[in-house]
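Heads up: the structure comes next, in structure tokens.
Excluded from the calculations below are hydrogen atoms, water molecules and symmetry mates; all remaining heavy atoms, backbone and side chain alike, are included. Sequence lines set the chain letters: A, B, ... in the order given, protein chains first and strands last, and positions in each chain run from 1. Predicted model, so just to flag it, every value in this text is computed and none were measured.
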Amino acid sequence: MPELPEVETIARGVQERLRGDRIVEAWFGSHREPFKTPPARQAKGLEGRAILAVHRTGKHIVCELSTAYGNPIVESAGGIGAQWIVHLGMTGRLLVTTPDTPLAAHTHARLSLASGRELRFMDPRRFGRLDFRDLSRNPAFSAAGADPLTVTAAEFAALFRPRKLPIKAALLNQKLLSGVGNIYADESLFRAGIRPPRLSGRLTRAELEGLRLALREVLEHAIRLGGSSVSDYVDADGVRGFFQLEHCVYMRTGLPCRRCQTPIQRILLAGRGTHYCSQCQR
DNA sequence: GAATATTCCTGAATGC
DNA sequence: TGCATTCAGGAATATT
């Protein structure tokens with residue numbers, strides 16, 4: 001499932017290929033989900049706009065768009081154009097294709113570009129979300145929580161010290177940190193040597209700082225490897241990532257810990273499958 | 001107000 | 001073989 005590294009990989013891929021391109025025509029499916037803004041309004045809003053930049057905010061892919069009719073504005077002008085915001089949910093994919101590529105099942109959006117290419121969004125489970133914002137009427141999109149790659153030690157401690165819930169549950173709360181999902185919560189806790197059920201507020205400052213650094217390290221490593229392909233994740237070109245080969249605990253229930261050979265445990269925490277090593281994590 | 005449970009949804013895996 | 005059941009989970013919403 002797409003978390004920060006996968007979303008970052010896709011955003012970079014789309015940015016590389018489509019920056020400066022123009023949306024000629026937009027087609028949207030008729031399902032109720034995954035549209036946050038009604039599909040007809042998104043299609044109308046997107047057509048005619050140029051793609052100025054594509055970047056990641058939390059687990060969201062944000063396409064920065066020009067004003068509607070030509071005149072691509074400079075990025076620094078901000079607040080004049082529009083944004084197309086893509087959240088991949090569990091099974092969402094955003095792919096750059098050619099028009100003759102057969103339409104995959106569960107395709108919910110198809111943007112035809114001036115270059116002749118297409119940007120397609122598919123999502124079998126429809127947990128993803130597509131949103132359109134006209135910046136002349138709405139504020140720009142911003143993530144609810146801090147970014148795990150840039151959060152400072154003081155900010156991190158301030159977010160987690162007052163919480164009375166398992167640290168694993170706190171890491172998944174997007175209002176605290178934006179971008180951490182089940183895979184990287186488990187992997188960062190393993191690398192920090194902290195058991196997932198421990199209460200956030202009971203961790204020492206040193207443990208919290210170790211966790212912040214482990215989280216940043218694991219996310220940066222995963223980005224370098226193009227993310228984790230555990231179910232069906234692929235980047236903007238349909239290429240799988242490789243970080244799943246580096247997983248120490250996630251989906252390794254019963255397998256020997258890579259560090260101490262103790263079988264990896266799986267428990268349910270905050271409604272999520274949670275994996276850890278009872279020997280390495282205290 | 002914070003923490004936890006429920007809900008959405010489909011494909012893959014499992015059971016009979 | 002094939003149909004029915006179970007399970008996974010991000011995040012909004014509902015409940016405790």
- Message: Whether the side chain of Gln174(A) engages the backbone of Leu172(A) through a donor-acceptor N/O pair (distance < 3.5 Å, no angle test) should be reported.
- Response: yes
- Message: Using the side-chain hydrogen bond (donor to acceptor under 3.5 Å, both in side chains) definition, which of the options Arg195(A), Gln265(A), Lys168(A), Arg266(A) pairs with Thr274(A)?
- Response: Lys168(A)
- Quick one: Leu172(A) CG to dA2(B) P, roughly how many Å, whole number? 18 Å
- Note on the structure: The residue among Arg129(A), Arg126(A), His108(A), Arg41(A) that forms side chain to side chain contact (heavy atoms under 4.5 Å, CB included) with Phe35(A) is His108(A)
- Task: Grab the NE2-P distance between His87(A) and dA12(C) for me, whole Å please.
- Result: 8 Å
- Message: Rounded to whole Å, please give me the gap between NZ in Lys59(A) and P in dG9(C).
- Response: 12 Å
- Query: Atom CG of Asn182(A) and atom P of dC7(C): how far apart are they, to the nearest Å?
  - Reply: 17 Å
- For dG9(C), which nucleotide in any strand shown is its Watson-Crick or wobble partner with both distances under 3.5 Å? dC9(B)
- Item | Gap between atoms CE and C1', on Met251(A) and dA13(B) respectively (whole Å) | 11 Å
- Quick one: does Glu16(A)'s side chain have a donor or acceptor within less than 3.5 Å of a partner on Gly13(A)'s backbone? no
- Query: Please give, in whole Å, the distance from dA12(C) C1' to Phe35(A) CZ?
  - Reply: 18 Å
- Message: On DNA chain C, does the nearest nucleotide to Gly273(A) precede the nearest nucleotide to Lys36(A) from the 5' side, or the other way round? Give the residue.
- Response: Gly273(A)
- Item | Gap between atoms CG and C1', on Leu4(A) and dG10(C) respectively (whole Å) | 14 Å
- Side-chain donor/acceptor of Arg19(A) to backbone N/O of Val54(A), under 3.5 Å: no
- Query: Between dA3(B) atom P and Arg202(A) atom CZ, what is the distance in whole Å?
  - Reply: 14 Å
- Task: Please check the phosphate of dG1(B) (OP1 and OP2 only) for any side-chain N or O of Arg163(A) closer than 4.0 Å.
- Result: no
- For Ser66(A) and Ala50(A), indicate whether the former's side chain and the latter's backbone hold a donor-acceptor pair under 3.5 Å. yes
- Query: Do any side-chain nitrogens or oxygens of Lys175(A) fall under 4.0 Å of OP1 or OP2 in dA2(B)?
  - Reply: no
Can you give the donor-acceptor pairs under 3.5 Å from side chains of residues 214-226 of chain A to other protein atoms, not counting sequence neighbours?
none

- Heavy atoms under 4.0 Å is the rule here; annotate nucleotides 4-10 of chain B 5' to 3' with B where the base is hit, S where only the sugar-phosphate is, and - elsewhere. S---BBB
